[in-house]
Trainee: 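Could you have a look at this structure, given as structure tokens, before my questions?
Lettering of chains follows the sequences in order, A, B, ..., and the numbering in each one begins at 1.
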2 protein chains.
Amino acid sequence: MKTIGKLAQSLNLNVETIRFYEREGLITQPTKPISGYRQYDETIAGQLRFITKAKMLGFTLKEIKSLMSMDNDCAQVELLSRQKLAIIREKISDLQRLEKVIVDMTNTCIQNDDPTYCPIIDSLK
Amino acid sequence: MKTIGKLAQSLNLNVETIRFYEREGLITQPTKPISGYRQYDETIAGQLRFITKAKMLGFTLKEIKSLMSMDNDCAQVELLSRQKLAIIREKISDLQRLEKVIVDMTNTCIQNDDPTYCPIIDSLK
DNA sequence: TTAAACTCCGTACATGAGTACGGAGTCAAT
DNA sequence: ATTGACTCCGTACTCATGTACGGAGTTTAA
């Protein structure tokens, strides 16, 4: 059992972030004692680790909330994961298209000595 | 010469968006007549097209403002483009790593019939 | 016992890129 | 001349994901 500060420290999170997740209903709040500080147990630490990992996979907090509430309904979880995968793949191909445009653009710049003209700027006009 | 509404329509932009770009100093504002509406000329339309294209390439409004002010200093423009390129490439490889993790994860789901256990959820714990 | 450090809670601020609203002025068409 | 549409301007709100602040209560260590 830890106070929020110790918990934050052990998970490398900000106290304010944990409080934010509480407000957002992402984690269960330990009941506040009549007097004193709230105590956080391993369950909550686990929830926070879950959030951190899912965030790294690109899930939004909203989606993470869903994930946590669908608990072990594997089909539903799989669906959400596949949707996320589709979005990620779309983003990748968007970025690859972009990459190509910018590469082409910057290449036109290389051999340019004219100080009054920039082909990149020009291509944006 | 057009009023803001016509201009917005012709560029497929929202009036509010143009006004927002004005506030942000991204485009030059036509001087307001003593009475009546401001008139937008082709120069401003060009600036707005520039912004739209640069946005599609992933430049932020802040960067676009820089781009527009460096005008034709090609070396400077090229530098900014290369920086943007590096960021785009980093994003791509981040997403590709993510893609792989999620693919692996969802694959573990496919053969699972146990309704009380989801390997995706499990891997996030 | 007292001061430092911590917690609680509510609220405000930050970012980026806009969108929405409301009242007042203006223009165009009937 | 009046109505409806448009513009102007300032301000507030949106979304996501937090961070910061301030005052009051609590705990802990010297």
Side-chain angles (χ1 to χ4, degrees), chain A residues 1-41 44-45 47-48 50-68 84 87-88 91 94, chain B residues 1-41 44-45 47-68 80 84 87-88 91 94:
Chain A
M1 298 291 259
K2 292 169 177 160
T3 60
I4 197 167
K6 301 284 170 196
L7 181 69
Q9 201 176 13
S10 74
L11 294 171
N12 210 19
L13 286 171
N14 196 314
V15 168
E16 299 301 328
T17 303
I18 295 177
R19 296 176 53 64
F20 171 69
Y21 290 160
E22 286 177 342
R23 284 202 297 281
E24 296 295 304
L26 277 138
I27 58 178
T28 51
Q29 287 194 49
T31 50
K32 209 208 152 183
I34 306 95
S35 161
Y37 302 156
R38 292 175 302 166
Q39 297 294 322
Y40 293 76
D41 62 16
I44 296 172
Q47 289 171 354
L48 287 167
F50 184 100
I51 292 168
T52 304
K53 285 192 198 173
K55 255 166 56 64
M56 287 192 309
L57 293 184
F59 289 99
T60 65
L61 294 186
K62 207 170 185 177
E63 288 165 340
I64 293 170
K65 198 170 172 185
S66 295
L67 275 180
M68 293 173 96
K84 183 53 57 181
I87 288 167
I88 287 171
K91 271 193 197 158
D94 280 357
Chain B
M1 298 290 258
K2 292 169 176 159
T3 59
I4 197 167
K6 300 285 171 196
L7 180 69
Q9 202 176 12
S10 75
L11 294 171
N12 211 18
L13 285 171
N14 196 314
V15 169
E16 299 302 326
T17 304
I18 296 177
R19 296 178 52 64
F20 171 69
Y21 290 162
E22 286 177 341
R23 284 201 299 280
E24 297 294 304
L26 276 138
I27 59 178
T28 51
Q29 287 195 50
T31 50
K32 210 209 152 182
I34 306 94
S35 160
Y37 301 157
R38 292 174 301 166
Q39 297 294 322
Y40 292 77
D41 62 16
I44 298 173
Q47 290 171 353
L48 287 167
R49 275 190 292 269
F50 185 100
I51 293 168
T52 305
K53 285 192 199 172
K55 255 167 54 65
M56 286 194 309
L57 293 184
F59 290 99
T60 65
L61 295 186
K62 206 171 186 177
E63 288 164 341
I64 293 170
K65 198 172 173 184
S66 296
L67 275 178
M68 294 174 95
L80 192 54
K84 185 53 57 179
I87 288 168
I88 287 171
K91 271 192 197 159
D94 280 358

Trainee: Can you figure out which of C/dT19, D/dG18, D/dC8 approaches the side chain of B/Thr17 most closely?
Mentor: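 Closest nucleotide among those given: C/dT19.
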
Trainee: Are OP1 or OP2 of C/dG18 and a side-chain N or O of B/Tyr21 less than 4.0 angstrom apart?
Mentor: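 Result: yes.
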
Trainee: Rounding to an integer number of Å, can you tell me how far A/Glu22 CD sits from C/dG10 P?
Mentor: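 Rounding to the nearest Å, CD of A/Glu22 and P of C/dG10 are 11 Å apart.
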
Trainee: Under 3.5 Å, is there a donor-acceptor pair between the side chain of B/Gln47 and the main chain of B/Thr28?
Mentor: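 Confirmed, B/Gln47 side chain pairs with B/Thr28 backbone.
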
Trainee: Can you tell me the distance, in whole Å, between the CD atom of A/Gln29 and the P atom of C/dT7?
Mentor: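 After rounding, the reported distance stands at 15 Å.
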
Trainee: Is the phosphate of C/dG16, meaning OP1 or OP2, less than 4.0 Å from a side-chain N or O of B/Lys55?
Mentor: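 B/Lys55 to C/dG16 OP1/OP2: no side-chain N or O under 4.0 Å.
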
Trainee: Nearest whole angstrom, please: distance from the P of D/dC6 to the CG of B/Leu7.
Mentor: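 The distance from CG of B/Leu7 to P of D/dC6 comes to 15 Å, rounded to the nearest Å.
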
Trainee: Test for a donor-acceptor pair under 3.5 Å between the base of D/dC6 and the side chain of B/Tyr37, counting only N and O atoms.
Mentor: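 Pair found.
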
Trainee: For B/Phe59 and A/Val15, take the nucleotide of DNA chain C holding the closest heavy atom to each; which residue's nucleotide lies nearer the 5' end?
Mentor: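 The residue whose closest nucleotide sits nearer the 5' end is A/Val15.
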
Trainee: Rounded to whole Å, how long is the line connecting atom CD1 of B/Ile51 with atom C1' of C/dA17?
Mentor: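 Computing the B/Ile51:CD1 to C/dA17:C1' distance gives 12 Å.
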
Trainee: Less than 4.5 Å apart, side chain to side chain, heavy atoms only: is that true for A/Met68 and A/Ile51?
Mentor: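 Yes, at least one pair of side-chain atoms sits under 4.5 Å.
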
Trainee: So, is B/Thr60 near the phosphate of C/dG16, with a side-chain N or O under 4.0 Å from OP1 or OP2?
Mentor: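 For B/Thr60, the contact criterion (side-chain N or O under 4.0 Å from OP1 or OP2 of C/dG16) is not met.
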
Trainee: Looking at B/Thr3, does any N or O in its side chain come under 4.0 Å of the phosphate oxygens OP1/OP2 on D/dT7?
Mentor: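 Yes, such a contact exists.
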
Trainee: Would you mind telling me which residue lines up with the more 5' stretch of DNA chain C, B/Leu61 or B/Lys32, judged by nearest nucleotide?
Mentor: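 Its nearest nucleotide lies further toward 5', so the answer is B/Leu61.
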
Trainee: Whole-Å distance between C/dG22 P and B/Glu16 CD?
Mentor: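 Rounded to whole Å, this separation is 13 Å.
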
Trainee: Starting from P on C/dC9, measure out to CZ on A/Arg23 and report it in whole angstrom.
Mentor: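 Atom CZ in A/Arg23 sits about 11 Å away from atom P in C/dC9.
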
Trainee: Would you mind reading off the distance between A/Phe20 atom CZ and C/dC13 atom P, rounded to a whole angstrom?
Mentor: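 After rounding, the gap between these two atoms is 17 Å.
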
Trainee: Go through the side-chain N and O atoms of A/Arg19 and A/Tyr21 and say whether any donor and acceptor fall under 3.5 Å apart.
Mentor: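 Side chains of A/Arg19 and A/Tyr21: no pair found under 3.5 Å.
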
Trainee: Can you find a side chain N or O atom of B/Arg38 that sits less than 4.0 Å from OP1 or OP2 on D/dC8?
Mentor: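 Checking B/Arg38 against D/dC8: at least one side-chain N or O falls below 4.0 Å of OP1 or OP2.
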
Trainee: Looking at A/Glu24, is its backbone amide N or carbonyl O close enough to the side chain of A/Lys65 to form a donor-acceptor pair, meaning the two atoms are under 3.5 Å apart?
Mentor: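 A pair under 3.5 Å: yes.
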
Trainee: Please report the interatomic distance CD1(A/Ile64) to CG(A/Leu26), rounded to the nearest 0.5 Å.
Mentor: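 Atom-to-atom, A/Ile64:CD1 and A/Leu26:CG are 7.0 Å apart.
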
Trainee: Whole angstrom is fine here: how far is it from CD in A/Gln9 over to P in C/dC6?
Mentor: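 In whole Å, C/dC6 P lies 9 Å from A/Gln9 CD.
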
Trainee: Out of C/dT26, C/dA17, C/dC8, which has the shortest distance to the side chain of B/Ser35?
Mentor: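 Nearest to the side-chain atoms of B/Ser35, counting from C-beta on, is C/dT26.
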
Trainee: Which one, C/dT7, C/dG10, D/dC9, comes nearest to the side chain of A/Arg19?
Mentor: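 The answer is C/dG10, which lies nearest to the side chain.
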
